[in-house]
S.K.: 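Have a look at the structure that comes next, please.
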Amino acid sequence: MYDIDNTNTQNHSVTAMICEQAQLYGATPERDEFDPREVWDADEALDAVGEAFRLLGDAVPDGVQLADERESLLWGFVNTFDAQVRRLERSVDRLAPQMRTLQRAQDGTEINARELELVTHRAQNLGDRRDAFERMRDAAAEHYRAATGETWRPRRGSHTSQTGHLTSAAIDARDFLRARTDRATRAHLPEGTLVAVTGGKAVSDAGAVITRLDRARVKYADMVLVHGGGPGVERIAAEWAERNGVHQVVCKPDWNAHGRAAPFRRNDALLNLLPKGVIAFPGSGITDNLVDKALALGIPVQRCAA
């Protein structure tokens with residue numbers, strides 16, 4: 001039996017001891033309480049992300065077989081933060097119907113008002129946590145680009161940043177099309193002049209690709225790059241967009257849905273975005289198919305060598 005009278009508290013009350021422990025080790029509020037804690041220490045967290053990324057890369061140094069897996073390993077590290085972002089987004093979305101119901105139920109009573117305040121507070125906290133993980137994800141994505149030379153993208157969907165710390169956004173084409181009819185998401189997607197680029201895997205002159213893109217951006221200052229997310233010409237274009245802060249709309253083939261026809265269906269999806277023009281470098285029959293379809297739709301095509 002806990003005997004308060006016989007407890008050696010050194011002239012401290014039990015309440016004081018609990019408060020002291022909470023200060024030392026933290027206290028987690030109950031579901032029916034407001035949460036006064038800070039969301040995070042941004043500087044400390046971002047420094048930790050950078051150090052963790054460095055240590056993870058050092059775990060698979062050059063000269064060993066596991067070095068072949070480094071890019072995949074580092075991609076997964078960035079994806080861990082992206083998964084947290086998406087999980088918290090879903091949590092906020094699940095609270096939205098409850099908030100609407102509570103708003104309609106407001107009748108001036110203190111009980112209903114407090115419940116609405118608690119749910120609203122919970123949603124705001126989850127949103128702040130989501131933003132924190134997004135900043136950590138974007139920081140990790142920048143480390144990924146520095147370490148591998150590649151732009152990090154999720155396997156599905158878009159890599160956008162509501163907190164505005166990305167130099168550019170990589171938007172899935174399906175997200176872009178949906179946003180044209182969805183006011184709620186339109187604000188998060190890039191606006192500007194769509195310019196498509198296509199070409200094959202073999203590139204003899206990467207500088208030629210960059211030069212053409214630079215010229216296009218001079219002509220269209222609000223340029224948004226559209227491409228298929230593939231190797232070769234399209235990878236060079238994606239890296240150029242990342243370096244120059246140009247937003248991207250990425251149309252990847254859906255092999256699971258369309259099988260061997262996936263690249264050609266991807267061409268259709270890309271052209272459905274109605275780009276201002278297509279910059280076409282030499283490639284395979286898939287590239288030729290996109291060029292032919294663009295010309296049939298009256299979309300200007302600039303043929304280039306690389």
S.K.: Do the side chains of R235 and E239 get close enough for a salt bridge, i.e. N-O under 4.0 angstrom?
M.R.: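 Here R235 does not pair with E239 in a salt bridge, since their nearest N and O are not under 4.0 Å apart.
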S.K.: Is there a path from L295 to L273 through hydrophobic residues (I, L, V, M, F, W, Y) whose side chains come within less than 4.5 Å of each other?
M.R.: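 Yes; L273 is reachable from L295 via cluster members.
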S.K.: To check you understand the geometry: which heavy-atom pair defines the closest contact between A139 and L46, and what is its length?
M.R.: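 Reported closest heavy-atom pair: CB-CD2, 3.9 Å.
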S.K.: Should the heavy atoms of other residues, nucleotides or ligands under 6.0 Å from CZ of R217 be counted, would the total exceed 12?
M.R.: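 Yes.
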S.K.: Could you go step by step and tell me if V249 and L225 meet the side-chain contact (heavy atoms from CB on, under 4.5 Å) rule?
M.R.: CA-CA 6 Å; V249 178; L225 182 69; over 6 Å; no
S.K.: Backbone N or O of W75 within a donor-acceptor pair of the N79 side chain at under 3.5 Å?
M.R.: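 The answer is no, because no donor-acceptor pair under 3.5 Å joins these two groups.
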S.K.: Treating D35 as the side-chain partner and R37 as the backbone partner, does any N or O pair qualify as donor plus acceptor under 3.5 Å?
M.R.: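 Flag set: sc D35 to bb R37 pair under 3.5 Å.
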S.K.: Using every non-hydrogen atom in the two residues, find where I279 and C304 come nearest and quote the distance to one decimal.
M.R.: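 Closest heavy-atom pair between I279 and C304: CG2-SG, 3.8 Å.
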S.K.: Going by an N to O cut-off under 4.0 Å, is there a salt bridge joining D82 and R86?
M.R.: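 Yes, this pair counts.
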S.K.: How close do S91 and L126 get, counting heavy atoms only, and between which atoms?
M.R.: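 Smallest heavy-atom distance, with atoms named: CB-CD1, 3.9 Å.
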S.K.: Could you tell me if the side chain of V85 sits less than 4.5 Å from the side chain of E89, heavy atoms only?
M.R.: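 With C-beta onward as the side chain, the pair touches.
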S.K.: Shortest non-hydrogen contact from A123 to V92?
M.R.: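 Closest approach of A123 to V92: O-CG2, 4.0 Å.
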S.K.: Where do M136 and W40 come nearest, in terms of heavy atoms and distance?
M.R.: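 Closest approach of M136 to W40: CG-CZ3, 3.8 Å.
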S.K.: Considering only distance and modelled atom types, tabulate donor-acceptor pairs under 3.5 Å from the side chains of residues 49-64, sequence neighbours left out.
M.R.:
unit_1: E51; atom_1: OE1; unit_2: R54; atom_2: NE; d: 3.3
unit_1: E51; atom_1: OE2; unit_2: R54; atom_2: NH2; d: 2.5
unit_1: R54; atom_1: NH1; unit_2: D58; atom_2: OD2; d: 2.8
unit_1: D62; atom_1: OD1; unit_2: R70; atom_2: NH1; d: 3.3
unit_1: D62; atom_1: OD1; unit_2: R70; atom_2: NH2; d: 2.8

S.K.: Locate the shortest heavy-atom distance separating G229 from E234; write the atom from each residue and the value.
M.R.: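 That would be N-OE1, 3.6 Å.
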S.K.: Mind jotting down which residue pairs meet the side-chain hydrogen bond (donor to acceptor under 3.5 Å, both in side chains) criterion with at least one end in residues 273-299? Sequence neighbours excluded, please.
M.R.: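 side-chain hydrogen bond (donor to acceptor under 3.5 Å, both in side chains) check on residues 273-299 returns N267-N289, D268-K293, N289-K293.
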S.K.: Does any part of the side chain of V246, heavy atoms only, come nearer than 4.5 Å to the side chain of V224, both counted from C-beta?
M.R.: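 No. Closest side-chain heavy atoms not under 4.5 Å.
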S.K.: side-chain contact (heavy atoms from CB on, under 4.5 Å) between W152 and L74: does it pass, once the steps are laid out?
M.R.: CA-CA 10 Å; W152 183 88; L74 297 179; over 6 Å; no
S.K.: Under a 3.5 Å cutoff, is there a donor and acceptor pairing between the side chains of Q302 and R215?
M.R.: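 There is no such pair between these side chains.
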S.K.: Hydrophobic cluster mates of I286, side-chain heavy atoms under 4.5 angstrom, ILVMFWY only, any path?
M.R.: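 When side chains under 4.5 Å apart are linked, the cluster holding I286 also contains F264.
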